[in-house]
There are 2 protein chains.
Amino acid sequence: MLNQSTPLDRAFQALADPSRRAIVERLTRGPASVSELAKPLAMTFPAVMQHLAVLEGAALVASQKIGRVRICRLEASTLDRAEAWLNARRAEWERRFDRLGRYLEELQKEGGDDEARN
Amino acid sequence: MLNQSTPLDRAFQALADPSRRAIVERLTRGPASVSELAKPLAMTFPAVMQHLAVLEGAALVASQKIGRVRICRLEASTLDRAEAWLNARRAEWERRFDRLGRYLEELQKEGGDDEARN
DNA sequence: CGATTGGTTAAGCATATGCTTTTGTATCGC
DNA sequence: GCGATACAAAAGCATATGCTTAACCAATCG
């Protein structure tokens, strides 16, 4: 389990938690302070901070402190990279079905010949 | 940490591991036996089986045993649901930028008026 | 048949995760 | 300055995760 995790590992790992997904969801609608993010979550403030640390560690969220308030914003490009991975899998999957489709079409044609012979 | 995880939790959690992503990647190119999946991975056979159990638990993979061989195949619809979540976030994010864009356009127009007054 | 192949189960262990409470520490509003 | 506010850091704890080894079972194959 030697922790040598890639950016993609960290992104998916971060998104695997419903509280963290809720935070991401909120941040798609614009930046927010930590306490603003904490409000709808049924847990203590430090717990929310730890979730934010995970999200920042995954580069899904960035933040900057202004006065005593920390403003968090979404890092959409990281979300994109996760989506891109899934997209690539789907692309390969669909490519495979195309091939299968063409193969079955070929069978159909040949099958038609067979049927003609009956 | 009371384990009451949603399908999406389990999907993202499953995808957070590089070995499991490698398995998914392999399966997008067609079904495979367990030992076939295990071959490129630098770990013991039981470890691979545990990864497969996680993937099946997340409904990303399904399998059936024929004789003494277990054939695994991708459950693409679950991959789609994960992609759909990310897609929805991006949609909201882009909608927000549209609004921001229109807002800035408005400012531009009004700013033009202001400049005209100078 | 007996050996091999492909998979399964269980136990054990180190580290990671997701919380909590407690205790700070700046900064703002008066 | 002084109390309230917003965050921060640290310690503790229960459970989860990602491996390992060892033992086991059931289909093949020679």
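So you know, we letter chains A, B, ... as the sequences are listed, proteins then strands, and number each from 1.
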For A:Met43 and A:His51: C-alpha separation, side-chain torsions, deciding distance, then whether side chain to side chain contact (heavy atoms under 4.5 Å, CB included) applies.
CA-CA 11 Å; A:Met43 63 183 68; A:His51 280 307; 3.6 Å; yes
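- As a whole-Å value, the separation of A:Met49 CE from C:dG24 C1' is 12 Å.
- For the atom pair B:Arg89 CZ and A:Leu27 CG, the distance stands at 11.5 Å (nearest 0.5 Å).
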Walk me through it: do B:Lys39 and B:Glu36 pass the test salt bridge (charged side-chain N to carboxylate O under 4.0 Å, His left out)?
CA-CA 5 Å; B:Lys39 208 144 223 176; B:Glu36 210 172 331; over 6 Å; no
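- At a threshold of 4.0 Å, the pair A:Arg90-B:Glu83 counts as salt-bridged, since one of the basic side-chain nitrogens sits closer than that to a carboxylate oxygen.
- For A:His51, a side-chain nitrogen or oxygen approaches OP1 or OP2 of C:dC19 to under 4.0 Å.
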Could you encode protein contacts along nucleotides 20-30 of chain D as a string, one character per nucleotide from 5' to 3', using B for base contact, S for sugar-phosphate-only contact and - for no contact, with a heavy-atom cut-off of under 4.0 Å?
BBB----BS--
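- A donor-acceptor contact shorter than 3.5 Å links the side chain of A:Arg21 to the backbone of A:Leu15.
- We find that CD of B:Glu36 is positioned 12 Å from C1' of C:dG6, with the value rounded to whole Å.
- The phosphate of C:dA26 (OP1 or OP2) has no side-chain N or O of A:Lys65 nearer than 4.0 angstrom.
- Side-chain contact check for A:Ile71 versus A:Ser63: every heavy-atom pair is 4.5 Å or farther apart.
- For B:Glu56 and C:dG7, the CD to P distance is 13 Å, given to the nearest whole Å.
- Contact annotation: B:Ser35 does not reach the phosphate of C:dT5 (side-chain N/O to OP1 or OP2, under 4.0 Å).
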